[in-house]
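Okay, handing you the structure first.
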Amino acid sequence: MSGSGITPPGFGLDGRVAIVTGASSGLGAAVARGLAGLGARVALVARRPERLAGLATEIAGCAVVSDLSDPQQLGTVVPAVVEQLGPPEILINAAGNRFGTAAAECESLADIHSTLNLNLVAPMLLAQAVFPHMRTVGRGSIVQISSISGRVGIPGIPQASYAASKAGLSGLTTELAVQWARHSIRVNTVAPGFFRSEITDSLYDSERGGSYLRRNIPLPQEGTAEDIVGAVLWLAGDASRYVTGQTIAVDGGWTAR
Ligand SMILES: NC(=O)c1ccc[n+]([C@@H]2O[C@H](COP(=O)([O-])OP(=O)(O)OC[C@H]3O[C@@H](n4cnc5c(N)ncnc54)[C@H](OP(=O)(O)O)[C@@H]3O)[C@@H](O)[C@H]2O)c1
């Protein structure tokens with residue numbers, strides 16, 4: 001309780017409609033569970049229908065199957081959510097991927113385009129699509145999931161276009177935050193460090209990879225998707241109502257070194 005007698009805003013999301021991309025696994029699935037736990041009604045977006053259906057049953061949400069690399073499929077996502085759940089007030093852009101492991105000088109144009117389309121263009125198109133609904137409701141929170149590689153180079157794991165796409169999310173975040181602030185639509189980015197998921201399992205499971213991570217991450221425990229969720233839930237709701245345009249690293253201290 002504050003000394004002023006004003007009650008600080010809470011974390012509850014009762015009845016708010018949330019869209020989570022990348023909800024078929026890893027961080028997106030963990031965020032979807034977290035949002036539902038706070039009372040939100042959650043639309044789950046990704047390509048694998050069985051995964052989405054299972055989670056939708058578990059959290060009483062709805063599944064929207066879409067390949068977000070395809071602008072036509074992406075264009076049907078928000079209308080489907082509005083029809084099934086109502087206007088979205090929360091958008092979490094967690095879908096993302098690395099295409100290839102080539103050194104920067106060898107990355108193909110096709111891989112560069114694939115990376116930018118999924119990791120940067122799709123989040124912007126979805127933000128555009130939710131905007132009119134958030135404006136009508138009179139509030140909204142958009143959270144982009146980027147990466148510490150949008151802020152620092154990662155030695156030994158080449159990812160130039162991926163890093164560029166993730167840094168781009170932070171630029172998009174500051175600009176949208178300023179343009180849309182007058183509608184009480186907040187836009188922030190969470191930049192995770194390494195955590196275990198389908199895309200990093202092999203790194204964690206190899207002895208060399210495991211010891212690389214232990215050497216570079218100051219906090220002693222292995223990162224999990226659940227370690228990233230708290231920051232996303234805080235940014236989704238009113239507890240962070242005076243925060244916009246920020247990129248917050250959740251990385252076990254990687255970028256603090
Ligand atoms: N794991 C890490 O260490 C780490 C670190 C920093 C940042 N991140 C970021 O965190 C986010 C979540 O990653 P994660 O580690 O949780 O990986 P993950 O388990 O592989 O999740 C990626 C999600 O994106 C979805 N997706 C991929 N391509 C898609 C497409 N074309 N259309 C729609 N959905 C698509 C996948 O679902 P479908 O395959 O079903 O489509 C999946 O649900 C990503 O943006 C990633 O870049 C991860």
Side-chain angles (χ1 to χ4, degrees), residues 19-34 42-56 61 63-77 80 91-100 111 113-126 143-154 157 159 161-170 172-173 189-205 209-210 212-213 216-217 222-229 231-232 247-252 254-255:
I19 300 174
V20 181
T21 72
S24 61
S25 67
L27 180 56
V31 166
R33 288 191 176 94
V42 186
L44 309 162
V45 184
R47 292 167 302 178
R48 285 172 288 179
E50 321 75 39
R51 293 277 196 111
L52 294 182
L55 184 53
V64 181
V65 178
S66 174
D67 183 342
L68 298 173
S69 295
D70 173 355
Q72 272 189 324
Q73 289 190 39
L74 182 149
T76 66
V77 169
L91 168 64
I92 315 292
N93 280 312
N97 208 350
R98 244 175 102 210
F99 295 82
D111 283 353
H113 280 154
S114 298
T115 307
L116 293 171
N117 277 337
L118 178 62
N119 294 0
L120 181 58
V121 176
M124 177 154 183
L125 294 177
L126 285 170
V143 182
Q144 324 280 16
I145 304 299
S146 70
S147 164
I148 53 167
S149 70
R151 186 180 288 187
V152 295
I154 308 290
I157 307 180
Q159 46 189 303
S161 60
Y162 179 85
S165 70
K166 296 302 195 179
L169 285 175
S170 293
L172 179 64
T173 289
T189 289
V190 169
F194 286 89
F195 62 91
R196 204 185 250 281
S197 74
E198 284 180 9
I199 48 176
T200 53
D201 264 346
S202 57
L203 182 67
Y204 278 93
D205 288 340
Y212 170 81
L213 294 170
N216 284 294
I217 300 172
E222 186 176 278
T224 67
E226 286 67 28
D227 291 322
I228 316 296
V229 170
V232 180
T247 295
I248 297 170
V250 182
D251 63 359
W254 184 296
T255 54

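Computed from a predicted structure; not experimentally measured. Just follow the structure's listing: the first ligand is 1, and inside any ligand the first atom is 1.
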(message) When you measure from the side chain of T21 to the backbone of A94, do you find a donor-acceptor pair of N or O atoms at a distance under 3.5 Å?
(response)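 Answer holds: yes.
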(message) Is it the case that the side chain of Y204 and the backbone of S197 share a donor-acceptor pair, with hydrogens and angles ignored and the cut-off at 3.5 Å?
(response)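 The answer is no, because no donor-acceptor pair under 3.5 Å joins these two groups.
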(message) Going by side chain to side chain donor-acceptor pair (under 3.5 Å), Q144 matches just one of N93, T247, N119. Which one?
(response)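 Of N93, T247, N119, side chain to side chain donor-acceptor pair (under 3.5 Å) with Q144 is met by N93 alone.
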(message) Tell me whether S69 contacts the main-chain N or O of L118 through its side chain, where contact means a donor paired with an acceptor under 3.5 Å.
(response)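 Not a single qualifying donor-acceptor pair exists.
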(request) Heavy-atom cut-off of under 4.0 Å around ligand 1: list whichever protein residues fall inside it, by chain and number. (result)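 Answer by chain and number: G22, A23, S24, S25, G26, L27, A46, R47, R48, S66, D67, L68, S69, A94, A95, G96, L118, I145, S146, S147, Y162, K166, P192, G193, F194, F195, S197, E198, I199, T200.
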(message) Looking at N117 and A122, would you say the former's side chain and the latter's main chain have a donor-acceptor pair under 3.5 Å?
(response)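 Judged by distance alone, no pair lies under 3.5 Å.
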(request) Hey, can you tell me if Y212 and F194 have their rings parallel, tilted or perpendicular (30° and 60° cut-offs)? (result)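 Perpendicular: the ring planes of Y212 and F194 meet at over 60°.
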